[in-house]
Every structure is written in C-alpha cells, then in structure tokens.
*Asks:* 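Before I ask anything, let me first share the structure, which is written out below as structure tokens.
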Amino acid sequence: MTARIVVAGASMAGLRAAEQLRAAGWRGAITVVGDEPHPPYNRPPLSKEVLAGRASFESLAFRPRASVSDVEWRLGRKAVAAGLDERTVRLDDGTELSYDGLVVATGMRPRRLDCPGPAAGRHTVRTLDDARGLREALTRPGVRVVVVGAGFIGCEVAATAVGLGAAEVTVVDPLPLPMAGPLGELLGRALLRRHQERGVRFVLGAGVARFTGAERVTGVELGDGSVLPADVVVESVGSVANTEWLDGNGLDLTDGVLTDARLRAGGRPDVVAVGDVARFPNARYDGVPRRVEHWCIPTDTSRHAAKTLVGDAEPVPFAPLPSFWSDQHDFRLQSFGAPVLGKEDVRVLDGDPDGDVLVGYHRDGRLVGVVALGGQAIAASAARYRAELLKQPALTETVSG
C-alpha cells in the first residue's frame, strides 16, 4: 500500500503543508481535505480589497507549485473525527482515510455572539461566501452598519463600509480603545482618532445585549438599554479553533492544538499542527505556547512541521518572526515581531502619534516588536527594524526531543 499523509484543512495552511512536504522529500501520496468547495485562497483581502470591490473573488486563488500537481484534493468535505492510535480520519460523508502522517490545518472559525434576536442581517468575514454576502448587503443605498468588535477585522470592515458610502457605520466594543488588546493604548488612541475623522462612530466600553427585529435585524441593543439602528451587523468578536474532530485522542485542545517545539501534537511523531490552529512555543521569545493568527505563520509552521513529519527536523529552536499588515481607509498598519508581549513598555521610534508613527514594543528592555501606522515611508521604517529583530538570538535554546 502506498504511504499517505493526510492534510486536514485546505486553506493556505493546507496548501503550504503539501508544498513543504514535497520540499522536505516526501514522495508518497498526499490527500488534502477541506470543508469549503473552493481551492485555497488568500483571506486578508476579504475584508478590504474584495469587500470594497477593488479585487475579484477569483483573484484570491493561490497558484500551487508544480510539486503538488499530484496531490489529491477533497474539497467540500469536512473531517469530523480522528482515531490517532488507529491512524484514521473520518469525513462527513462517512469516508475513512488511513494515514502514515497527519497534518492538522483546520484553522479557525468566527466566534458568534450568544445573544437573542433574529439571525438574518448578521454577518461574519472569514470565507469567500461570507465576503460575497456582506458586500451585497453593504452596497445597498442608505445602509446602516454596526460592527461588533474593534479588532483588526472589525476596523477593516468599518473602513471599507465608509468607503462604500454607508449612511452610518458604528463600531461597538467592550474595550476602551480599538485594537487595544494587541497594540496597547498609544496606537489605540491614534487609530480611534483616524477612524473618527473619516466618519466611523465608536461606542466603546459597551456590550451587546440582544438584536432587535422580527425576521431580520433592525437594531443592536446595548447593555445600557440603548439601541443602535442597523440594517447590517458584522460580528468580529474573535475566533474559535476547529478542533472538535480531534476530541477523544488525549490532545490538549484548550486553545487550538498544543504542540511541542517540533509542532508535534501530543508528542506523536506522526501528527503535526500548522497555521492558526497550532499553539506552539516560539523560542524567539520564551517557552510559552501561543497561537498566532498572522499571514506568515502557515508557511513558517508548515516548513518546520514537514521536516518533523518526514524525520528531518532541524536541530535548532523554532523561532519564527510574526508579521502582519492591516489596510484601513488610506493608512496601513505594518508590524513585525510580537507587540502584544511588549505593551507595558511602548516607545515612539520615529514620527509622531498625531501623524505617521513607528512604535517599538519592549519586554525586559529587549525590543520584541515594531508597528508602523501611516503611509509607505513609515512602513519602510518598520521593515528596516525587521532585520534587527531577526538578528536577535533566540531566548529559548533547547529543542524538545
């Protein structure tokens, strides 16, 4: 029987896993399973260029490398159970796949608010189909939009809705500032001011009690009893890891799939996790396992995990440098490193918070992340600090055996 690796998840992480397995020397069969009917595509533009109509849905598709031309793709199929001792994965159509190696790449899904009220008119942004439905709703004349959640996706959607000419755009969040969780107070205040100057209204320090309306949402009732009129509601309140199909196998699924430094799940040599769903220790900072939902992580984790799975793990600490960008209105956020780990010591490195600014985040006096807010010039300054961050030695020098 031909040896086979099953990749559960057919988004960017699944594609990169297949490509990196070939690059690592795997010549056996590869089967990639994904619940969406679409081939792997780029998700970040969904809340920006695609939603605004500046990029087509078709333009998001990744172009796979020639090395994976023989990979079997089972799209529109979902992994619903796994027997890790038996080395099997069961799909939602009853098919059971046996494997020699398993890559967990099932990613995340949007968290939904557990509030009473109608479901019609409530949207999330995670998939192509989500973006299609939301764009249709946002382009109706005179639309009133309430975005619940002032994180990256929430602020991007709010900016896009203003650009599309929505009559009202309001962002609701229990925190006192937008993106305060990952970026802290200094940039949170700068972002709040920029969004307000461009027409976005914020209701901060508030939670949602329920959605009003009969068959369709007509408003968002807040905890103090006030109601925000709404024709469209976008829920951007975080993500939930798609790990239920792995229940009963003794894995730590508290927040994604806990792995060791070689990305092995539960210490199993034949099971690795990659992408958003992997909770791994990053030797660049410390030994604390964390999930990282940034665009670069699927490629970084897939490269490392593929070598682990084919028995060629690098004898060095796994120390990827996270990076992200976020386009909102006419400005960009560009980040390298892990700002969330340095929010207690934030310093302006260049520019001014009232204009274009570059901010450094420090932990125990060590620079752990930089974030630029503004135009292309300040973003280029952040890129220069990337080289400095990469030169720093890893803080955790051990590799789990």
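Numbering starts at 1 and runs along the sequence shown.
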*Asks:* Can a salt bridge be assigned to the pair Arg194 and Asp330 using a cut-off of 4.0 Å between side-chain N and carboxylate O?
*Replies:* no
*Asks:* Identify whether the distance between the nearest side-chain nitrogen and carboxylate oxygen of Asp231 and Arg144 falls below 4.0 Å.
*Replies:*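 A salt bridge links Asp231 with Arg144.
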*Asks:* Using every non-hydrogen atom in the two residues, find where Trp325 and Pro44 come nearest and quote the distance to one decimal.
*Replies:* CZ2-CB, 4.2 Å
*Asks:* Salt bridge check, Arg193 against Asp354: does any charged N sit closer than 4.0 Å to a carboxylate O?
*Replies:* yes
*Asks:* Taking all atoms of both residues into account, what is the closest heavy-atom pair of Ala230 and Val220, and its distance?
*Replies:*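 Closest heavy-atom pair between Ala230 and Val220: CB-CG2, 4.3 Å.
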*Asks:* Could you measure the distance from the OH atom of Tyr99 to the CG atom of Asp270? Nearest 0.5 Å is fine.
*Replies:*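 The distance works out to 5.0 Å.
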*Asks:* What's the spacing between Thr127 OG1 and Asp129 CG if we round to 0.5 Å?
*Replies:*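 The distance works out to 5.0 Å.
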*Asks:* Taking side chain as C-beta onward, heavy atoms only, is Ile378 less than 4.5 Å from Val357?
*Replies:* no
*Asks:* May I ask you to decide if Ala66's main-chain N or O and Ser69's side chain share a donor-acceptor pair within less than 3.5 Å?
*Replies:*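 It does hold such a pair.
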*Asks:* Within the structure provided, determine whether Asp356 and Leu373 are in side-chain contact (heavy-atom separation under 4.5 Å).
*Replies:* no
*Asks:* Does a sphere of radius 6.0 Å around CZ in Arg386 hold more than 12 heavy atoms from other residues, nucleotides or ligands, not counting ones at 6.0 Å or beyond?
*Replies:* no
*Asks:* If you define the side chain from C-beta out and look only at heavy atoms, does anything of Ser381 sit under 4.5 Å from Asp350?
*Replies:* yes
*Asks:* Is it the case that Ser47 and Glu156 place a side-chain donor and acceptor less than 3.5 Å from each other?
*Replies:* yes
*Asks:* How long is the span from the CG atom in Leu192 to the CG atom in Asp173, to the nearest 0.5 Å?
*Replies:*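 The CG atom of Leu192 sits 11.0 Å away from the CG atom of Asp173.
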*Asks:* Are side-chain heavy atoms of Leu349 and Val370 found at a separation under 4.5 Å?
*Replies:* yes
*Asks:* Can you find a pair of side-chain heavy atoms, one from Pro39 and one from Leu15, that are under 4.5 Å apart?
*Replies:* no
*Asks:* When you measure from the side chain of Ser59 to the backbone of Ala55, do you find a donor-acceptor pair of N or O atoms at a distance under 3.5 Å?
*Replies:* no
*Asks:* Ring centres of Phe62 and Tyr41 under 6.0 Å apart?
*Replies:* no
*Asks:* In plain terms, say whether Glu36 and Arg43 are close enough for a salt bridge, that is, a side-chain N and a carboxylate O under 4.0 Å apart.
*Replies:*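 A salt bridge is present here (some side-chain N lies under 4.0 Å from a carboxylate O).
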*Asks:* Can Gln328 and His195 be counted as having a side-chain donor-acceptor contact under 3.5 angstrom?
*Replies:* yes
*Asks:* Mind checking side-chain hydrogen bond (donor to acceptor under 3.5 Å, both in side chains) for Arg54 and listing every partner two or more places apart, or none if nothing turns up?
*Replies:*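 Here no residue qualifies.
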*Asks:* Quick check: does any side chain N or O of Thr243 sit under 3.5 Å from a backbone N or O of Leu246, one acting as donor and the other as acceptor?
*Replies:*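 No.
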*Asks:* Within the distance-only criterion (no hydrogens, no angle test), does the side chain of Trp26 pair as donor or acceptor with the backbone N or O of Gly28 below 3.5 angstrom?
*Replies:*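 Confirmed, Trp26 side chain pairs with Gly28 backbone.
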*Asks:* Distance-only, no hydrogens or angles: does the Arg284 side chain make a donor-acceptor pair with backbone N or O of Leu389 under 3.5 Å?
*Replies:* yes
*Asks:* Hydrogens and angles aside, do Ser226 and Asp224 bring a side-chain donor and acceptor to less than 3.5 Å of each other?
*Replies:*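 Looking only at side-chain atoms, Asp224 and Ser226 do form a donor-acceptor pair, the distance falling under 3.5 Å.
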*Asks:* Hey, is Lys391 close enough to Glu388 for a salt bridge, meaning N to O under 4.0 Å?
*Replies:* no
*Asks:* Can you name the closest pair of heavy atoms from Val171 and Ala150 and give their distance?
*Replies:*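 Heavy atoms only, the tightest pair is CG1-CB, 3.7 Å.
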*Asks:* Please test Leu164 against Val162 for side-chain contact (heavy atoms from CB on, under 4.5 Å), starting from the C-alpha separation and ending with a verdict.
*Replies:* CA-CA 5 Å; Leu164 287 172; Val162 166; over 6 Å; no
*Asks:* Does a donor on one side chain and an acceptor on the other come within less than 3.5 Å for Thr170 and Glu168?
*Replies:* no
*Asks:* Do Asp327 and Arg332 meet the salt-bridge criterion of a basic N to acidic O distance under 4.0 Å?
*Replies:* yes
*Asks:* Is a donor from one side chain sitting under 3.5 angstrom from an acceptor on the other, for Glu221 and Thr212?
*Replies:*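 Glu221 vs Thr212: no donor-acceptor pair found between side chains.
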*Asks:* Under 4.0 Å between a side-chain nitrogen and a carboxylate oxygen: does that hold for Arg126 and Asp130?
*Replies:*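 The answer is no: the pair does not qualify as a salt bridge.
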*Asks:* I'd like to know if Glu136 and Arg132 make a salt bridge, using a cut-off of under 4.0 Å between side-chain N and carboxylate O.
*Replies:* no
*Asks:* Can you tell me if Arg291 uses its side chain to pair, donor with acceptor, with the backbone of Asp276 under 3.5 Å?
*Replies:* yes
*Asks:* Would you check, one step at a time, whether the test side-chain contact (heavy atoms from CB on, under 4.5 Å) holds for Val288 with Asn282?
*Replies:* CA-CA 7 Å; Val288 179; Asn282 187 335; over 6 Å; no
*Asks:* Compare every heavy atom of Gly14 with every heavy atom of Val7, then report the nearest pair and how far apart it is.
*Replies:* CG1-CA, 3.7 Å
*Asks:* Walk me through it: do Phe324 and Phe336 pass the test ring pair (Phe, Tyr, Trp, His ring centres under 6.0 Å)?
*Replies:* CA-CA 7 Å; Phe324 71 80; Phe336 297 99; 8.9 Å; no
*Asks:* Is the backbone N or O of Asn242 less than 3.5 Å from a side-chain atom of Thr106, with the two atoms forming a donor-acceptor pair by type?
*Replies:*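 Between the backbone of Asn242 and the side chain of Thr106 there is a qualifying donor-acceptor contact (under 3.5 Å).
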*Asks:* Would you confirm whether Lys343, through its side chain, and Gly181, through its main-chain N or O, come within 3.5 Å as a donor-acceptor pair?
*Replies:*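 Yes: the side chain of Lys343 pairs with the backbone of Gly181.
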*Asks:* Under the 3.5 angstrom rule, does the side chain of Thr301 hit a backbone N or O of Val274 as a donor-acceptor pair?
*Replies:*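 Answer holds: no.
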*Asks:* Apply the salt bridge (charged side-chain N to carboxylate O under 4.0 Å, His left out) test between Asp70 and each candidate in Arg27, Arg65, Arg22; give the one that qualifies.
*Replies:* Arg22
*Asks:* Carefully, step by step, assess Leu91 and Val80 under the rule side-chain contact (heavy atoms from CB on, under 4.5 Å).
*Replies:* CA-CA 5 Å; Leu91 308 186; Val80 296; 5.8 Å; no
*Asks:* Kindly give the heavy-atom pair with the smallest separation between Pro320 and Asp300, and that separation in Å.
*Replies:*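 Distance-wise, the nearest heavy atoms are CB-OD2, 3.7 Å.
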*Asks:* CG of Leu46 to CD1 of Ile153: how many Å apart, nearest 0.5 Å?
*Replies:*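 Rounded to the nearest 0.5 Å, the CG-CD1 separation comes to 8.5 Å.
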*Asks:* I would like to know whether Val271 and Leu84 meet side-chain contact (heavy atoms from CB on, under 4.5 Å); could you show each step before the answer?
*Replies:* CA-CA 8 Å; Val271 181; Leu84 301 190; 4.3 Å; yes
*Asks:* Assess whether a salt bridge exists between Asp85 and Arg268, defined as any Lys/Arg side-chain N lying under 4.0 Å from an Asp/Glu carboxylate O.
*Replies:* yes
*Asks:* Using modelled atom types only, decide if a donor and an acceptor are shared between the side chain of Asp260 and the backbone of Gly266 within a distance under 3.5 Å.
*Replies:* no
*Asks:* Just checking, any donor-acceptor pair under 3.5 angstrom between side chains of Trp295 and Ser323?
*Replies:*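 No.
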*Asks:* With a 4.5 Å limit on heavy-atom distance, are the side chains of Arg74 and Thr31 in contact?
*Replies:* yes
*Asks:* Should the ring pair Phe318 and Phe280 be called parallel, tilted or perpendicular, given that the plane angle runs from 0 to 90° and is split at 30 and 60?
*Replies:* tilted
*Asks:* Taking side-chain hydrogen bond (donor to acceptor under 3.5 Å, both in side chains) as the definition, give me every residue that meets it alongside Arg77, ordered by chain and number, with sequence neighbours left out.
*Replies:*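 Expected list: Asp92.
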*Asks:* Might you point out which heavy atoms bring Ala10 and Pro40 nearest each other, and give the distance in Å?
*Replies:*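 Taking Ala10 first and Pro40 second, the nearest heavy atoms are O-CG, 3.2 Å.
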*Asks:* In the structure I gave you, are the side-chain heavy atoms of Pro229 and Thr218 within less than 4.5 Å of one another anywhere?
*Replies:*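 No, every pair of side-chain atoms sits at 4.5 Å or beyond.
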*Asks:* What's the separation between atom CG in Leu253 and atom CG in Asp247, rounded to the nearest 0.5 Å?
*Replies:*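 Answer for the CG-CG pair, Leu253 versus Asp247, is 6.0 Å.
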*Asks:* For Gln376, does the CD atom have more than 12 heavy-atom neighbours from other residues, nucleotides or ligands under 6.0 Å away?
*Replies:*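 No.
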*Asks:* With a sphere of 6.0 Å drawn around CG of Asp364, does it hold more than 12 non-hydrogen atoms of other residues, nucleotides or ligands?
*Replies:*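 No, not enclosed.
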*Asks:* Nearest 0.5 angstrom please: Glu58 CD to Leu128 CG, how far?
*Replies:* 8.5 Å
*Asks:* A side-chain contact here means heavy atoms from C-beta on lying under 4.5 Å apart; do Val125 and Val157 qualify?
*Replies:*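 In contact.
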